[in-house]
Structure formats: structure tokens, C-alpha cells
Participant: 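Have a look at this one before I ask anything.
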Amino acid sequence: MIKSQSFYQFDPTRVPSPCFVVDEVAVRKNLEILNRVQRESGAKVLLALKAFSMFSLAPTIGQYLSGTCASGLHEAKLGREEFKGEVHTFSAAFTEKDLPEILQLSDHVVFNSFNQWQRFQPLVQEAKTLRSTLQRSQLEFGLRVNPLHSEGATPIYDPCAPGSRLGIPKSAFEGQSLEGISGLHFHTLCEQGFGPLSRTLDAVEAQFAEYFPKLKWINFGGGHHITAEGYDVDQLIARIKGFQDKYGLQVYIEPGEAIAIQSGVLVSEVLDVLNYQQPLAILDTSATCHMPDTLEMPYRAEIFGAGEQAEKNHSYRLGGQTCLAGDVMGDYSFDTPLQIGQRLMFDDMSHYTMVKTSTFNGIGLPSIALWNSDTDDLKIIKQFGYEDFKQRLS
């Protein structure tokens, strides 16, 4: 089912191909839902830059959310330079080289192990002293926990899968001091509803509630599909309010895809049509370079006007330009035969796409455009070329 409904009225020939096109009206609608969660629950909502880092929309996002969360130095710098509000940074492991700058850029820094928290105490103390001298806000420190409660169906996206490196299990807290730690962080979900969060929170409370009286905040992480159709926002608000009232902790949540779902497409063009054992079409985009989650998860991206294989009169296997044999988007069918030069639009392509593109095989990066579905105003925000490919190499 097509999610980015506003794009039924968009003409894909208006932009260069390939091109990510984001509807700022749809993004604002998502932000209004997230801001409602903030207002009515008292939680603070952060944009997860790992999912959606379109800083040209930072002024709009800053009107609604409380800040950003980062996975390392570069995202922390982007959050501080381009966005408003707090910057929270977590990494599976910080480097000694990057951490000093991260400590100056961030408001919260979350460690993934007691080892790193203890090892980097000299840097932590130095950063706290410097911030005090500069009369800057106090730096908060947290630990990521792993409640060992899996709700994910796809192991590659399940932080609680057996052998996970993400988060500290309860057993590792024995004999450890929480001096200097003001919060806990957990992230266990991936594009999921309220039910999985509620069950996960039950597990977190059962295992870690004994530490809550010593803390100031807790971060429920990301993976919350709050803006998706059918998500029980009322239950989320009620659970957050109840949690904060019970424990006196400030709750943070950091959705990524929820800010950008149903808000964008990837425009592509048919380059060639073949018939080798079955009808094939080669596009100017690439699954591996431009929408890698379709291969990693995997999932089949919807295309406007297309159906499942054999559902419509003309079926094709769609593939990309690279030399990778598996650079295939999937099998689709259309009402009429595909023509060379025809534009196709892949649905729901704002999140976890632009942030994950690559130039494998020298394939060009898609342009980025911003469209307003209310006014029909269209801006080409950025185009890429040879220098973008070359500068990533040596």
C-alpha cells in the first residue's frame, strides 16, 4: 500500500533522476503528532539523525522537537551546528580521539559499557571542568542497558538478540558504581507499535527500577512508529505520564523514521528494457547504493502505479546499474509496458535512505529536492557529481 499519499499529485519529470523528493507538509504533520506527545506526556522528543538528517528542514524541526540524538562525532556536530535544542550522543564504543569534542558538543553522552565509562574518566572530568569554566550547561552521563527482551522479527535490527553488543545486561551491573551517572537508555524496537514498547518497558522496570531513585532521566530510545497509521498515541502518552509520575524521571524518546515516514519518494528513470528468460528493466538508481535497507532487511519497496508480479498485465524484474548481480529491487507489474525514459517513484524513501547512500561502482548519488504539497513549490536542494565520488577516495 502506498504510504506517501501526497505524491499521487506530483509529476516526477519535474526533478532530475534519480532524486529523493521530500514533502515538507507531510514532515510537518508527523512533527505535529510528535509534539502532541511532548505536550501531553511531558516527555522530550529528539530527532534520531541516523534515520533522517535533512538539515535543510532543521528550522521546521526545531519548531517542534527538543533536539537531536547522534551516534558519533559527525552527527553530534551536525546536530549542534544545524539544529536547535539538546544533543544526545551514544556510540557502541567511543574513540579517545573523538570523545573530547563529543563531550563539548553534547548535552547527554551515553556509554555502552562500564569499561568505557571508567576508562574515559580523565576525559569526562576534564570536560566537566571546562564546561564549568565556560559557564555552560551541566553535562549529563548515561548508560545503555539491554533488558534482553526481544520484540523484533529481524535479527539484524534486534538489539536484544543473543550475543548483542548493544547495551549492558542487568548481570553486568553487579559490583559497579553508578556515581556520576544520571540516566539510563534502552533501544530495543524497530518500526514497531505501542504494544512492543509497553512489554519492553515492563522488562526494563522489572530489572532496573532499583536504580531509578538515583537517576534524573531515562531514554526510551527509538524504533517507535508513532506517526504510522494505527499507532496508539493515547496509550503512549498515558504510559509515559504514568512512568514519570511513578519514578520522577524525565523521559526522552528518540524516533527516527517516525519523523519522516510517509513523506518522500525516490524518483528513478527506466534506462533499458530487456527480455532474458523474463522481462527486465534497468533503472538509473540502485538498491545497494540508494536504498540498501531493501536488501538488508530485506523488504520490497512499493512503486506508484505498480502491483505485485502478475497482478497487472505487464511484469518486470527491476534492477540497478551496478555490477552486483543482486542489485535488484524486486518483481513488479504495470498496466502498460515500461518505456525507456519513463519515470518511476519508489514510495516512503525519506528515512534510512539519504543517510545510507554509497557511490559503489561510481554510481552517482541521487539529488535531493524539497516539495510543498500545499503550494506545489519545489526546490532542488542539492545535486551531486564526480567530485563527491572522488573526494571519498584517495
Participant: If a pair satisfies salt bridge (Lys or Arg N to Asp or Glu O under 4.0 Å) and one of its residues is in residues 307-333, list it, with sequence neighbours excluded.
Facilitator: R300-E308, K312-D335, R317-D331

Participant: Enumerate the side-chain hydrogen bond (donor to acceptor under 3.5 Å, both in side chains) contacts for residues 164-174, please, sequence neighbours excluded, ordered by first and then second residue.
Facilitator: K170-E210

Participant: Assess whether a salt bridge exists between E151 and R199, defined as any Lys/Arg side-chain N lying under 4.0 Å from an Asp/Glu carboxylate O.
Facilitator: yes

Participant: Go through the structure and list residues passing side-chain contact (heavy atoms from CB on, under 4.5 Å) with S17, not counting sequence neighbours.
Facilitator: V267, E269, D284, R343

Participant: Check whether any side-chain heavy atom of S6 sits under 4.5 Å from a side-chain heavy atom of V25, and report yes or no.
Facilitator: no

Participant: Could you check whether T89 and S106, counting side-chain N and O atoms only, form a donor-acceptor pair closer than 3.5 Å?
Facilitator: yes

Participant: Ion pair present between E140 and R131, side-chain N to carboxylate O less than 4.0 angstrom?
Facilitator: no

Participant: Among V265, V15, D376, find the residue that satisfies the side chain to side chain contact (heavy atoms under 4.5 Å, CB included) test when tested with W371.
Facilitator: D376

Participant: Which residues satisfy the side-chain contact (heavy atoms from CB on, under 4.5 Å) test with L130, sequence neighbours excluded?
Facilitator: Q104, L134

Participant: Is there a donor-acceptor pair under 3.5 Å between the side chain of E257 and the backbone N or O of E191?
Facilitator: yes

Participant: Indicate yes or no for a side-chain donor-acceptor contact from E82 to the backbone of L78 under 3.5 Å, with no hydrogens or angles considered.
Facilitator: no

Participant: Look only at the side chain of N146 and the backbone of C160, and say whether a donor-acceptor pair between them is shorter than 3.5 Å.
Facilitator: no

Participant: Cut-off 3.5 Å, no hydrogens considered: what does the side-chain donor-acceptor table look like for residues 351-359, sequence neighbours left out?
Facilitator:
unit_1 : atom_1 : unit_2 : atom_2 : d
T353   : OG1    : M349   : O      : 2.5
T353   : OG1    : S350   : O      : 3.4
K356   : NZ     : D293   : OD1    : 2.6
K356   : NZ     : E296   : OE1    : 3.1
T357   : OG1    : M354   : O      : 3.4

Participant: Quick check: does any side chain N or O of D347 sit under 3.5 Å from a backbone N or O of I303, one acting as donor and the other as acceptor?
Facilitator: no

Participant: State, without any angle test, whether N112 and W117 hold a side-chain donor-acceptor pair at a distance under 3.5 Å.
Facilitator: no

Participant: Sequence neighbours excluded, which residues qualify as side-chain contact (heavy atoms from CB on, under 4.5 Å) partners of H314?
Facilitator: Y316, P337

Participant: Got a sec, which residues hit salt bridge (Lys or Arg N to Asp or Glu O under 4.0 Å) with K241, two or more places apart in sequence or on another chain?
Facilitator: none

Participant: Going by the rule side-chain contact (heavy atoms from CB on, under 4.5 Å), which residues pair with Y8 if we only count those two or more places apart in sequence or in a different chain?
Facilitator: I2, Q5, F304

Participant: Suppose we call two aromatic rings close when their centres sit under 6.0 Å apart. Are H108 and F141 close by that rule?
Facilitator: no

Participant: For E101, what residues pass the salt bridge (Lys or Arg N to Asp or Glu O under 4.0 Å) criterion, not counting sequence neighbours?
Facilitator: K77

Participant: If you measure only the distance, is there a donor-acceptor pair under 3.5 Å linking the side chains of D377 and T375?
Facilitator: no

Participant: Just list the side-chain donor-acceptor pairs under 3.5 Å for residues 386-394, sequence neighbours left out, or say none.
Facilitator:
unit_1 : atom_1 : unit_2 : atom_2 : d
E387   : OE1    : Q391   : NE2    : 3.3
D388   : OD2    : G385   : N      : 2.8

Participant: Would you call the rings of F208 and Y211 parallel, tilted or perpendicular, taking 30° and 60° as the class edges?
Facilitator: tilted

Participant: May I ask you to decide if D98's main-chain N or O and T95's side chain share a donor-acceptor pair within less than 3.5 Å?
Facilitator: yes

Participant: Donor-acceptor pairs under 3.5 angstrom involving side-chain atoms of residues 42-64: please list them, not counting sequence neighbours.
Facilitator:
unit_1 : atom_1 : unit_2 : atom_2 : d
K44    : NZ     : E86    : OE2    : 3.0
S53    : OG     : L49    : O      : 2.4
Q63    : OE1    : R28    : NH1    : 3.4
Y64    : OH     : R28    : NH1    : 3.0

Participant: Quick one: which residue pairs count as a side-chain hydrogen bond (donor to acceptor under 3.5 Å, both in side chains) with a foot in residues 224-237, not counting sequence neighbours?
Facilitator: R36-D234

